[in-house]
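Notes to accompany the following structure.
Counting convention: from 1, in listed order, for ligands and their atoms alike. Only a predicted model underlies this, so the values are computations on that prediction, with no experimental measurement involved.
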Amino acid sequence: TLSMCGLSLSHKTATPLEKNPWHISIKVARPGKGVESCKGALVSPYFVLTAAHCFDINDQAHWITVDVGKTTSNKVVSLFSHPDYNIGKLRSEGIPEFYDYDVALVKLEKRITFSPETRPICLPCTEGTTRALRRPHPKTSCQDHERQLLKVGDVPSFFVHEKKPALERKEVLIKNGPKKWACQADAKKATIYVNVTDVAQVVTPRFLCTGGIEPVVDPNTCKGDSGGPLIITQNRRYIQVGVISWGVFDVCNLKNKGKVPPYARDFHLNLFTVLPWLKEKLAEEQLGFL
Ligand SMILES: Cc1cc(Br)c(Nc2ncc[nH]2)c2c(Cl)c[nH]c12
């Protein structure tokens, strides 16, 4: 049987990883250029889901270390960035970085053995999520998943911020109703997008938007949170609906210390928009894609 996804221990004395057992830390050590830090989510015994922008075209597999559970430096065997990801695509139009389709799958050399601090998160449109939602299989469709998880309105979700040795859950509302447009409009406040005339050029239909101060003040991401999962909880099961991609304001940048503006928004790649690619790449992982 497919092992259950999106489970975690929640008792008081559970460790940070037992509480967030899908949490992955990724580091890319580029000779002479320092180390880039990203996060990811374990989605099967061999695969970690993360952001494509964590990697460069010239990155060598041996520069990449992936920390899964307590074991560090799991070897990367291959890297599959989404084929439509192209950070330089709009450079000629004065947009230096373009994050559309910012999603990647990292395949590990050795299959991961699950344990209390190492377990996969649920992905949309898989049998595991149908079970997590306590819906009947095979009557439940992918569209049913999307309707139930990404309801129209402000959708409660969270991401995990790593502040060694702790893992902090940051609760945010996905603006998936009337507030969506104001959320997207604030993308123009990002330093690199100040000249963007039409925000739809950079906030494509692939993105979910969080942050801002309405209806409540949302926490914001840091660059180092890139690639981490945006998670929705249902029946104490954890389902990943997004990948942290880019933001307007880096709350970890010491230059920005203290004053977070109301236009601080974060943009996450919506996994429902890349299902054919996910299904193809994870075909052998027995996740039971619908
Ligand atoms: C998660 C994340 C990724 C990136 Br890339 C950032 N940087 C950025 N976004 C647009 C252009 N560059 C940020 C910021 Cl800023 C906050 N969170 C971020």
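- Around NZ of K151, the count of heavy atoms belonging to other residues, nucleotides or ligands within 6.0 Å exceeds 12.
- For atom 7 (N) of ligand 1, the nearest protein heavy atom (residue, atom name, distance) is K223 NZ, 3.3 Å.
- Side chains of R169 and N20: a donor-acceptor N/O pair is present below 3.5 angstrom, by distance only.
- Here is the list of ligand 1 atoms found below 4.0 Å of a heavy atom in S226: 1 (C), 2 (C), 3 (C).
- Using a 4.0 Å cut-off to heavy atoms of E97, the atoms of ligand 1 that qualify are 11 (C), 12 (N).
- Side-chain contact check for T221 and K223: no donor-acceptor pair (N or O, by modelled atom type) lies under 3.5 Å.
- A donor and an acceptor atom, one from each side chain of H145 and T130, are located under 3.5 Å apart.
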Using a 3.5 Å cut-off and no angle test, enumerate the donor-acceptor pairs between side-chain atoms of residues 179-188 and protein atoms at least two apart in sequence or in another chain.
residue	atom	partner	partner atom	Å
K179	NZ	D154	OD2	2.7
D186	OD2	R265	NE	2.7
D186	OD2	R265	NH2	3.1

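- F47 pairs in a side-chain contact (heavy atoms from CB on, under 4.5 Å) with only one of the listed residues (I112, V106, L282, L42), which is L282.
- In this structure, a donor-acceptor pair under 3.5 Å is absent between the side chains of Y238 and Q240.
- Considering backbone and side-chain N/O of D225, none are found under 3.5 Å from N/O of ligand 1.
- With hydrogens left out, the protein atom closest to atom 13 (C) of ligand 1 is G247 N, 3.4 Å, a heavy atom.
- Atoms of ligand 1 found under 4.0 Å from any heavy atom of I244, numbered from 1 in the order shown, are 1 (C).
- Under a 4.0 Å criterion applied to the non-hydrogen atoms of I192, ligand 1 contributes the atoms 11 (C).
- Looking only at heavy atoms of the protein, atom 5 (Br) of ligand 1 is closest to Y99 OH, 3.3 Å.
- Not a single heavy atom of A51 sits closer than 4.0 Å to an atom of ligand 1.
- Contacts of T221 with ligand 1, taken as heavy-atom pairs under 4.0 Å, involve both backbone and side chain.
- Of all the heavy atoms of F249, the ones lying under 4.0 Å from any atom of ligand 1 belong exclusively to the backbone.
- Under the 4.0 angstrom criterion for non-hydrogen atoms, F267 is not in contact with ligand 1.
- The aromatic ring centroids of Y99 and H53 lie less than 6.0 Å from each other.
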